[in-house]
Structure formats: structure tokens, C-alpha cells
A.B. asks: 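Quick one: this structure, given as C-alpha cells, is what I'll be asking you about.
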Amino acid sequence: MRALVTQPGVTGSTRVADVPDATGDGVLVRMLEVGVCGTDREISHGLFGVAPENESELVLGHEALGTVERDGHGFTRGDLVTATVRRSCRHCLACSEGFPDSCLTGDYVERGITRLNGFACELVVEDPAQLVAIPRSLGRLGVLAEPTSICERALRHARAIGNRHPWELQRALVLGAGAVGTLSTYLLRLAGLEVWTASLEPSNDLVTASGARYVSLPGTQLSELGGFDLVVEAAGDAQLMADTLGLLRRSGVACLLGIDPLEQRVELDGRTLALDAILENRVLFGSVNAAREDWLAAVADLDRARERWPDELEQFVSLRVPLDRFEDAFAHQGGKATLVISD
Ligand SMILES: [Zn+2]
Ligand SMILES: [Zn+2]
């Protein structure tokens, strides 16, 4: 079968290749579409990723949408499904309790990223416990489940941290308007918050359609927007991440989601860290991956968002190309790109 493979660590080695058919126990899933994100680009640039044991190439793709091929394991042929990305390390407390997103060893495997082949291929055999059902009503939008699960986990953790004491979550700022920033904006709007979303472009119709206020970052002093109960950094800018601590009001929580791998130093006013953060009970934390409950919340909330903003949700995926046009998908900016494997 055809698959999008790469040799981890080797820049430019990504190609469409013939790989052996999927075998083994589990649910046979025909892949319809996989989303592409910065992680895929980094792996493809040779910066990230590990091939499965005793193999030199890794099948890419971790943002999956597929359809079940035959009845069994509680599924019916034709069911739409996605699948979790990170799997248990098998020897830590968090993984043993069903939270590989909080793995304590780092020995986990991840579909399409670390030591486990991904979903950018025609057929996959998947453990039924790792599948997540996509409602019919959501259809092809199910391909957004993975990035949405990242946002759901971040917001669940932010609420857990904020709710450690009496707290009112009313005003949120989202930094960055890529897939994760925009999906976070929509989830926060679904929850009824006052949301401000800031990014580089002069305007952003997808953000404003949700009822959030859009702020163009160049020329804006974020500190003049007033304090926030929650700041989500999804821009992947280390300096901006440090700045979030100063944008919080009392008991505010800042969550870092974007990745910035550059070797650099960032600046922070000592008083923001050593005075305000203490006297105002502020918290800065990072979040990665998602637990099963976040996947279920993601699918449910995406469907609610689709009901409320049907036209806008359709615009989240702005480029759909076949597998062999993966380079176009990787180069795409301004919205989510996906690789269509089957119609
Ligand atoms: Zn991704
Ligand atoms: Zn673990």
C-alpha cells in the first residue's frame, strides 16, 4: 500500500512509498484524510521523530480520520473514527492509570512521531481501545479532532489549576491564530468567555466570526488590553511565552502550547516573576498531548461548534491535497492543510 514515509534525522527524505500491508490484531481502518502540522514539518526537516524499532523509515501522520473496514470490536463497517497518538510507556504510574499524556518516563511511543508508524497510509490496524468514534454529523471535520484534543487538554488543566482556589474564569487571551490558537478561541467562545485572540496578520475573519476580538500583534501593547484570567500561548514564541506571566490578573493562569526550539535568552522584568506572580497567585504551565477524555471532549465540542458556526468550521481546513502533493501541504500557511488518502 502507499504511505508517506520519512527517514527520521534525514532532511528531505520524505516520500510516498510502497510499504507492506497492515497486519495484526485489531480494527482495520481505511484512512480518509490526515492533517498536517508543525510536528510533521519538523520531522520532515530531520529535526524530530524516531522510526519503529529495527526500521529505518517512519510512516508520518498523527491527525487521523478513517473509516472502519469491517464489523467487530464494537465497531460497524463505515463508522468514522480517529485514534489517539501517544501510547503507554508500560512502566509508569501515569501511563498505568490511562494518562500517557502525563507519562513520567518519556518512554512512550507516538503514532507517526516516535517509534510507531503513523496514519498517512491506506490501511491501518488499530487497537480498538485507541479508537475514538466520530459522529456522522461531524463528517470530514473529524480530521480536526487531534489538534482540538490538544486544546481541550490544555483548558482542562488550566481549569484544574485555576480551580485550586475560588476563581472566576471570564477573560481569556489566545496568542497565535494557527490551528491550535483558532481552535482554542472557538472552545473558549463555546464556554461563553470574553476572548481576545492576537496574531501577526492585520485581520482574521475566522477569529472574529466566533465572537472573539482580534488583535493584530505588530503595534499592539498587549499589556494595554487589561489583565486576563487565562492566557494560552499557541504562537510558539519563547519571548511571548515569558510575557504571558505579566498579562495575567489575580489568580490568572498562563498555558504554553506552542513550541519554540530556538536557542535563545528571553527577557522578563524581575518584578513580574518575583513580586506579581507571588502576590497575585499567578501560574505558568506547559501542556502537551491529550488524554482519552480530552479526545472525547474534542469530538463533542467540535460538533457543538459545527452546529453554531457551520460555515466557519468548514473553513478550518483550507487546503486538501492528495498524498503525493505532501510538499504543498507542508508549505501551506494560513489554515490547516490535509492529505486526502481516500474519498
Ligand atoms: Zn499535529
Ligand atoms: Zn509512562
Side-chain angles (χ1 to χ4, degrees), residues 4 6 8 14 31 33-45 47-50 58-66 82-121 124 127 129-130 132 141-154 176-184 187 232 234-236 256-261 286-292 294-295 298-299 302 316-320 326 329-339 341:
L4 186 65
T6 195
T14 303
M31 300 314 305
E33 198 165 334
V34 291
V36 163
C37 76
T39 302
D40 301 296
R41 286 185 203 104
E42 279 189 23
I43 298 171
S44 201
H45 279 128
L47 301 171
F48 201 56
V50 185
L58 171 75
V59 176
L60 283 170
H62 59 273
E63 302 183 5
L65 176 67
T82 184
T84 66
V85 176
R86 189 184 285 187
R87 311 293 163 83
S88 171
C89 77
R90 301 177 187 279
H91 59 98
C92 89
L93 177 72
C95 286
S96 76
E97 293 194 0
F99 291 91
D101 54 317
S102 301
C103 178
L104 295 164
T105 64
D107 296 340
Y108 51 77
V109 295
E110 290 179 325
R111 280 278 199 185
I113 302 171
T114 310
R115 288 180 285 132
L116 201 57
N117 280 329
F119 301 112
C121 58
V124 167
D127 173 359
Q130 302 296 341
V132 177
L141 290 174
V143 77
L144 297 171
E146 196 276 341
T148 309
S149 74
I150 302 298
C151 308
E152 293 281 7
R153 198 244 193 201
V180 168
T182 311
L183 287 166
S184 296
L187 293 181
V232 177
L256 311 184
L257 283 177
I259 298 271
D260 183 351
S287 179
V288 70
N289 207 261
R292 186 166 182 87
D294 305 312
W295 283 85
V299 169
L302 270 175
F316 269 77
V317 177
S318 51
L319 181 73
R320 285 190 155 93
F326 66 90
F330 285 4
H332 183 65
Q333 291 185 330
K336 171 68 68 185
T338 66
L339 301 169
I341 298 162

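Start at 1 and go down the list; that is how both ligands and their atoms are numbered. The figures here come from the full heavy-atom set of this structure, side chains too, leaving out hydrogens, waters and symmetry mates. This structure is a prediction, so every number in the text was calculated from the model and none was measured.
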A.B. asks: If you take all heavy atoms of V232 and L257, which pair is closest and at what distance?
C.D. replies: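 Reported closest heavy-atom pair: CG1-CD1, 3.8 Å.
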A.B. asks: On a heavy-atom basis, which atom in V50 and which in P8 lie closest, and how many Å separate them?
C.D. replies: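 It is C-CG, 3.9 Å.
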A.B. asks: Which distance, rounded to the nearest 0.5 Å, do you find between the CZ of F330 and the OG1 of T14?
C.D. replies: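 Spacing of CZ (F330) from OG1 (T14) equals 5.5 Å.
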A.B. asks: Output, by chain and residue number, all protein N/O/S atoms separated from the Zn ion (ligand 1) by less than 2.8 Å.
C.D. replies: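 Atoms qualifying: C37 SG, H62 NE2, E63 OE2.
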A.B. asks: Suppose we only count N/O/S atoms under 2.8 Å; would C92 qualify as near the Zn ion (ligand 2)?
C.D. replies: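 It does; at least one qualifying atom falls short of 2.8 Å.
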A.B. asks: List the atom of L60, the atom of G112, and the distance in Å for their closest heavy-atom pair.
C.D. replies: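 In terms of heavy atoms, the two residues are closest at CD2-O, 3.9 Å.
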A.B. asks: For T82 and A145, which heavy atoms make the closest approach, and how far apart are they?
C.D. replies: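 For T82 versus A145, the nearest heavy atoms are CG2-CB, 3.9 Å.
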A.B. asks: Which angle, to 10 degrees, forms at the Zn ion (ligand 2) with SG of C89 on one side and SG of C103 on the other?
C.D. replies: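 Reported to 10°, the angle equals 110°.
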A.B. asks: Quick one: pull up OH in Y108 and CZ in R90 and give me the separation to the nearest 0.5 Å.
C.D. replies: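 Result: 16.0 Å between the selected atoms.
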A.B. asks: Tell me, yes or no, whether the heavy-atom count around I259 atom CD1, taken from other residues, nucleotides or ligands under 6.0 Å, exceeds 12.
C.D. replies: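 No.
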